[in-house]
Amino acid sequence: MPELPEVESLRQILARSAVGRTIVSARIGEARLRRRIVADFAAAVAGRQIIKLSRRAKYLIIELDGDHVMLVHLGMSGSLIHRGEDFSDAEFDPKHDHVEFALDDSSRLVYNDPRRFGMMRLVARAALENSPELKGLGPEPLSRDFNADYLAGKARGKQVAIKNLIMDQKIIAGIGNIYASEILYRAGVRPTRRAGRVTRKEIEKIAGAVPVILRAAIGSRGTTFRSYRDSRGQPGRFAEQLRVYGRENEPCYACSTPIKNVVVGQRASFYCPKCQV
DNA sequence: CTTACATCCTGATTGC
DNA sequence: TGCAATCAGGATGTAA
């Protein structure tokens with residue numbers, strides 16, 4: 001479920017409580033995820049200190065002392081909850097708690113993912129950039145590498161819907177289903193438009209809307225539409241600022257036309273039929 | 001290479 | 001109330 005703003009919010013919040021902590025021990029619950037957790041994972045992280053949290057696309061990177069990092073993806077339903085000493089009453093649930101780290105301040109960091117679309121694995125720092133997960137990713141949407149010229153080059157000649165294009169992690173890394181709809185609403189472009197037919201001016205509007213929407217969402221600590229929670233168990237507040245996502249048949253805030261919901265690339269896609277051309 | 005679609009999995013919600 | 005159908009913030013593999 002989490003997209004870039006949720007992972008970034010999680011990173012910022014978790015960093016405050018977890019950086020500097022040492023992993024005393026780890027235990028594994030259900031090991032079957034998108035990739036199975038390897039048998040020696042717990043032993044490999046025990047005794048390591050968390051030195052930094054970083055992020056690439058929707059991946060959280062927990063940097064450890066020594067030469068490895070933990071690469072984490074939350075899939076659709078994953079969470080990483082940090083329970084302090086005073087919260088330690090929650091039971092370990094081996095069905096959905098995949099990993100529990102005991103830290104040196106008696107807190108516990110629990111990685112939970114009921115749908116098991118996520119992953120957590122140890123990667124050598126030197127091999128991270130070329131790992132199968134990160135290797136093919138497009139530029140970070142909040143970096144200078146992403147701009148209208150870049151997007152125009154990628155859209156040129158493409159038949160795919162523009163919404164699918166901006167959700168393609170090889171094109172831009174980190175945009176998912178909620179923010180794709182919100183970005184296209186702000187840009188005034190329908191999600192169903194063929195990417196190659198989107199005009200230069202519209203591409204510029206889309207490229208401009210990307211950082212505006214994502215930064216605003218990060219500022220609100222992400223969107224909790226259903227179940228996203230940060231490491232404190234808190235929901236994000238951006239849901240109240242959503243303009244189209246989840247608002248089928250409700251009036252557009254700009255023109256009162258009912259918001260439509262169409263399926264594009266097997267995903268629900270919301271737009272205003274009047275404001276978006 | 002591009003595009004379209006099924007598939008992985010479980011839980012919450014919707015509809016009859 | 002109960003039960004079945006439908007739907008989820010994602011990514012990938014396969015086939016045309």
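Nothing here was measured: the structure is a model prediction, and the numbers come from that model. Convention: sequence-line order gives letters A, B, ...; per-chain numbering from 1.
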(request) Choose from B:dA4, C:dT12, B:dT13 the nucleotide whose nearest atom is closest to any side-chain atom of A:Val160. (result) B:dA4
(request) State whether the number of non-hydrogen atoms from other residues, nucleotides or ligands found under 6.0 Å of A:Arg156 atom CZ is greater than 12. (result) no
(message) Does A:Pro2 reach a base, just sugar-phosphate, or nothing at all? Heavy atoms under 4.0 Å.
(response) base
(request) Test for a donor-acceptor pair under 3.5 Å between the base of B:dA6 and the side chain of A:Gln266, counting only N and O atoms. (result) yes
(request) Find the distance A:Met119:CE to B:dC9:C1' and express it as a whole number of Å. (result) 17 Å
(request) May I ask you to evaluate whether A:Gln169 reaches the phosphate of C:dA11, defined as a side-chain N or O under 4.0 Å from OP1 or OP2? (result) yes
(request) For A:Tyr59 and for A:Ala268, find the nucleotide of DNA chain C with the closest heavy atom, then tell me which residue's nucleotide is more 5'. (result) A:Ala268
(message) Distance check needed: B:dG11 C1' versus A:Glu30 CD, whole Å only.
(response) 16 Å
(message) Please report the distance, rounded to the nearest Å, between CG in A:Asp113 and C1' in B:dC9.
(response) 9 Å
(request) Confirm from the modelled atom types if A:Arg116 and B:dC9 form a donor-acceptor pair under 3.5 Å, side chain to base only. (result) no
(message) Counting the atoms with a prime plus P, OP1 and OP2 as sugar-phosphate, which does A:Ser227 contact under 4.0 Å by heavy atoms, base, sugar-phosphate, or nothing?
(response) base
(request) Report yes or no: is the ring centroid of A:Phe117 under 5.5 Å from the six-membered base ring centroid of C:dA11, with the two planes under 30 degrees? (result) no
(message) Within the structure provided, determine whether A:Arg116 and A:Glu30 are in side-chain contact (heavy-atom separation under 4.5 Å).
(response) yes
(request) Provide the Watson-Crick or G-U wobble partner of B:dC9, both distances under 3.5 Å; none if there is no partner. (result) none
(request) For the residue pair A:Asp230 and A:Ser9, confirm or rule out a side-chain donor-acceptor distance under 3.5 Å. (result) no
(request) If the plane angle is over 60° it's perpendicular, under 30° parallel, otherwise tilted; pick one for A:Phe225 and A:Tyr245. (result) perpendicular
(request) Decide if atom CD of A:Glu129 counts as having more than 12 heavy atoms of other residues, nucleotides or ligands within a radius under 6.0 Å. (result) no
(request) To the nearest Å, give me how far apart CD (A:Glu133) and P (C:dA11) are. (result) 11 Å
(message) Between A:Val210 and A:Phe146, is the side chain to side chain contact (heavy atoms under 4.5 Å, CB included) condition met? List the steps.
(response) CA-CA 9 Å; A:Val210 164; A:Phe146 174 71; 3.8 Å; yes
(request) Indicate, with a heavy-atom threshold strictly under 4.0 Å, whether A:Tyr179 touches base, sugar-phosphate, or nothing. (result) nothing
(request) Round to a whole Å and report the spacing from CD of A:Glu3 to P of C:dA8. (result) 13 Å
(message) In this structure, how many angstroms lie between the P atom of C:dA8 and the CE atom of A:Met167, rounded?
(response) 12 Å
(request) Figure out the NZ/C1' separation between A:Lys170 and B:dT2, and round it to whole Å. (result) 10 Å
(request) Give a yes/no on whether any side-chain N or O of A:Lys158 is located under 4.0 angstrom from OP1 or OP2 of B:dT3. (result) no
(message) Nearest heavy atom decides the nucleotide; on that basis, is A:Phe270 or A:Pro132 closer to the 5' end of DNA chain C?
(response) A:Phe270
(message) Under 4.0 Å from OP1 or OP2 of C:dG10: is there any side-chain N or O of A:Arg267 that close?
(response) yes
(request) For B:dC9, take OP1 and OP2 only and decide whether either is under 4.0 Å from a side-chain N or O of A:His96. (result) no
(message) Looking at A:Arg226 and B:dA12, is any side-chain donor or acceptor paired with a base atom of the opposite kind under 3.5 Å?
(response) no
(request) Using the P atom on both, measure C:dT14 against B:dC9 and round to a whole Å. (result) 16 Å
(message) Looking at B:dG11, I'd like to know if its phosphate oxygens (OP1 or OP2) sit under 4.0 Å from a side-chain N or O belonging to A:Lys95.
(response) yes
(message) Heavy atoms from C-beta onward define the side chain here; which of B:dT10, C:dT12, B:dT3 lies closest to that of A:Arg34?
(response) C:dT12
(message) Using whole Å, what does the distance between atom P of nucleotide C:dA11 and atom CD1 of A:Ile171 come to?
(response) 14 Å
